[in-house]
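Not measured: the values here are computed from a predicted model. Within every chain, numbering begins at 1; the chains are lettered A, B, ... in the order of the sequence lines, protein sequences first and strands thereafter.
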2 protein chains.
Amino acid sequence: MKYIDKLRNSGLRPTKQRLQICEVLFNVEKTFHFTINELEQKIKDKTDNKISLATVYNTVHAFEKKGYLKQIPINSNQTYFDTNVTDHHHFYDLNDQKLIDLENSDVGPINIKKKINGKKIKSVEVLVKLED
Amino acid sequence: MKYIDKLRNSGLRPTKQRLQICEVLFNVEKTFHFTINELEQKIKDKTDNKISLATVYNTVHAFEKKGYLKQIPINSNQTYFDTNVTDHHHFYDLNDQKLIDLENSDVGPINIKKKINGKKIKSVEVLVKLED
DNA sequence: ACACTTATTTAGAACCATTATAAACTACCC
DNA sequence: GGGTAGTTTATAATGGTTCTAAATAAGTGT
């Protein structure tokens, strides 16, 4: 069971709920973006038994902490997550309110010239807003 | 009165409340970042009469629409705004939860190679996350 | 100055995503 | 199997933001 090891290796107990959420999030061809509500719906569609909303929140946060998910920095009333945890960027279509991946290779190298004393760069994320 | 014209020119009636908010936001040396709560506090400090929270929200949104303020795309429980409406970017210090301006000149030119059909780029914003 | 229309302000309620709570349950280790 | 710590769960609470509808103020024409 591929997800059992993944979870155990990061100190998370492989519970039934977490494994089911892993299936929904990671057992797919393409990575994708989602809100908690959208994830809850996907779980309902794929699964017989119900998973509590609190568990969905807990699990998503646990996965984010372990680096299996990334939060997408965007101003919205709901938080967006990404199953693509490689370094990459996003288009945000203001008209359709849709996120589109922008691979690192689609953006020239970004050179941050300014340094902040005693701090190191953890990530560099580009958000390109689109309109019609 | 400098702000009266500014407001009238953009179709906003120069009310007492809006003018007071203009003073707090724009009549300062440096641009700055703020949340609605922080702005409310600044208004309280600088002003005798109270401005309703709803008015603060209304005004900030009106100013944003007119291009006098920018929302900063960042995941936080509160929305951050910026009185610096020039093209620029941000550091976000994850430890202190502080935003720091990053001038365009501190970031090399960003070349977005991917195009989306029928959409044009409205803005390109870089968020650089920092940690200790 | 006055009347009239339209925009704005306001307090409070409503909304809704997210977080906290605390009790029941389950995985894991000996 | 028994004990312990981690997890799930329904539900309540929180808190930022938006909505509502009535009161007020600004603009416009006379």
Side-chain angles (χ1 to χ4, degrees), chain A residues 1 3-25 33-44 47-66 68-69 71-81 97, chain B residues 1 3-25 33-44 47-66 68-69 71-81 97:
Chain A
M1 319 301 267
Y3 298 121
I4 290 182
D5 292 338
K6 176 173 183 162
L7 290 174
R8 236 193 288 262
N9 288 340
S10 53
L12 296 172
R13 289 187 180 172
T15 64
K16 189 180 51 169
Q17 291 87 343
R18 284 176 179 162
L19 291 170
Q20 284 174 348
I21 293 175
C22 277
E23 290 290 332
V24 173
L25 290 178
H33 311 126
F34 65 93
T35 64
I36 295 286
N37 282 340
E38 288 165 1
L39 176 57
E40 211 195 359
Q41 193 54 55
K42 274 183 193 253
I43 293 168
K44 268 192 200 133
T47 313
D48 291 334
N49 61 315
K50 185 179 174 305
I51 296 181
S52 163
L53 179 59
T55 300
V56 179
Y57 273 98
N58 288 340
T59 303
V60 165
H61 288 146
F63 284 6
E64 192 208 353
K65 210 169 192 173
K66 298 298 180 186
Y68 302 149
L69 291 173
Q71 246 189 284
I72 302 172
I74 193 178
N75 283 115
S76 166
N77 53 328
Q78 288 184 89
T79 305
Y80 274 84
F81 293 90
Q97 296 194 60
Chain B
M1 319 302 268
Y3 298 122
I4 291 183
D5 292 337
K6 177 174 180 160
L7 291 173
R8 236 194 287 264
N9 288 340
S10 53
L12 296 172
R13 290 184 180 175
T15 64
K16 189 180 51 168
Q17 291 87 344
R18 283 176 180 161
L19 290 170
Q20 285 175 348
I21 293 175
C22 278
E23 290 291 331
V24 174
L25 290 176
H33 310 126
F34 65 92
T35 64
I36 296 285
N37 282 340
E38 289 165 359
L39 176 57
E40 211 195 1
Q41 193 54 53
K42 274 184 193 254
I43 293 167
K44 269 191 199 131
T47 314
D48 292 334
N49 63 315
K50 185 179 175 303
I51 296 180
S52 164
L53 180 59
T55 300
V56 179
Y57 272 99
N58 288 340
T59 303
V60 166
H61 287 146
F63 285 4
E64 193 208 352
K65 210 169 193 174
K66 298 299 181 185
Y68 302 149
L69 291 173
Q71 246 189 280
I72 302 172
I74 193 177
N75 283 116
S76 166
N77 53 328
Q78 288 184 88
T79 305
Y80 275 84
F81 293 90
Q97 296 195 60

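- The two atoms that bring E38(B) and H33(B) nearest to each other are OE1-O, 4.1 Å, heavy atoms only.
- One atom, CG of L19(A), and another, P of dT26(C), lie 15 Å apart when rounded to the nearest Å.
- Side-chain atoms of E40(A) and N37(A), non-hydrogen and from C-beta on, do get closer than 4.5 Å to each other.
- Pairing each heavy atom of P14(A) with each of L19(A), the nearest pair is O-CD1, 3.9 Å.
- In this structure, F34(B) places its CZ atom 16 Å from P of dG16(D), rounding to the nearest Å.
- Taking atom NZ of K65(A) as the reference point, atom P of dT7(D) lies 11 Å away to the nearest angstrom.
- Note: F34(B) and F81(B) have parallel aromatic rings, judged against thresholds of 30 and 60 degrees for the angle between ring planes.
- The interatomic distance linking E38(B) (CD) with dG15(D) (C1') rounds to 15 Å, in whole Å.
- The CG-P distance, from L7(B) to dA7(C), rounds to 16 Å in whole Å.
- Atom CD1 in I21(B) sits roughly 12 Å away from atom C1' in dT8(C) (whole-Å rounding).
- Proximity of R18(A) to the phosphate of dT8(D): a side-chain N or O atom is located under 4.0 Å from OP1 or OP2.
- Remark: Q17(A) is in phosphate contact with dT9(D), judged by side-chain N or O atoms under 4.0 Å from OP1 or OP2.
- Rounded to a whole Å, the CG atom of D5(A) is 16 Å from the P atom of dA27(C).
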Inset, instruction - Indicate for each nucleotide in nucleotides 17-30 of chain D, in 5' to 3' sequence, whether protein heavy atoms under 4.0 Å reach the base (B), only the sugar-phosphate (S), or nothing (-). - result: BB-------BS---

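- Look at CD1 on I51(B): it is 17 Å from P on dG12(C), rounded to the nearest Å.
- Using a 4.0 Å cut-off, some side-chain N or O of T55(B) falls inside it from OP1 or OP2 of dT10(C).
- The side-chain contact (heavy atoms from CB on, under 4.5 Å) test with L7(B) is passed by exactly one of K66(B), R18(B), R13(B): R18(B).
- Contact between the side-chain N/O atoms of K50(B) and the OP1/OP2 oxygens of dA11(C) is found at a separation under 4.0 Å.
- Partner of Q20(A) under the side chain to side chain donor-acceptor pair (under 3.5 Å) criterion, chosen from T55(A), N49(A), T59(A), T15(A): N49(A).
- In this structure a side-chain-to-backbone donor-acceptor pair under 3.5 Å is present from Y68(B) to K6(B).
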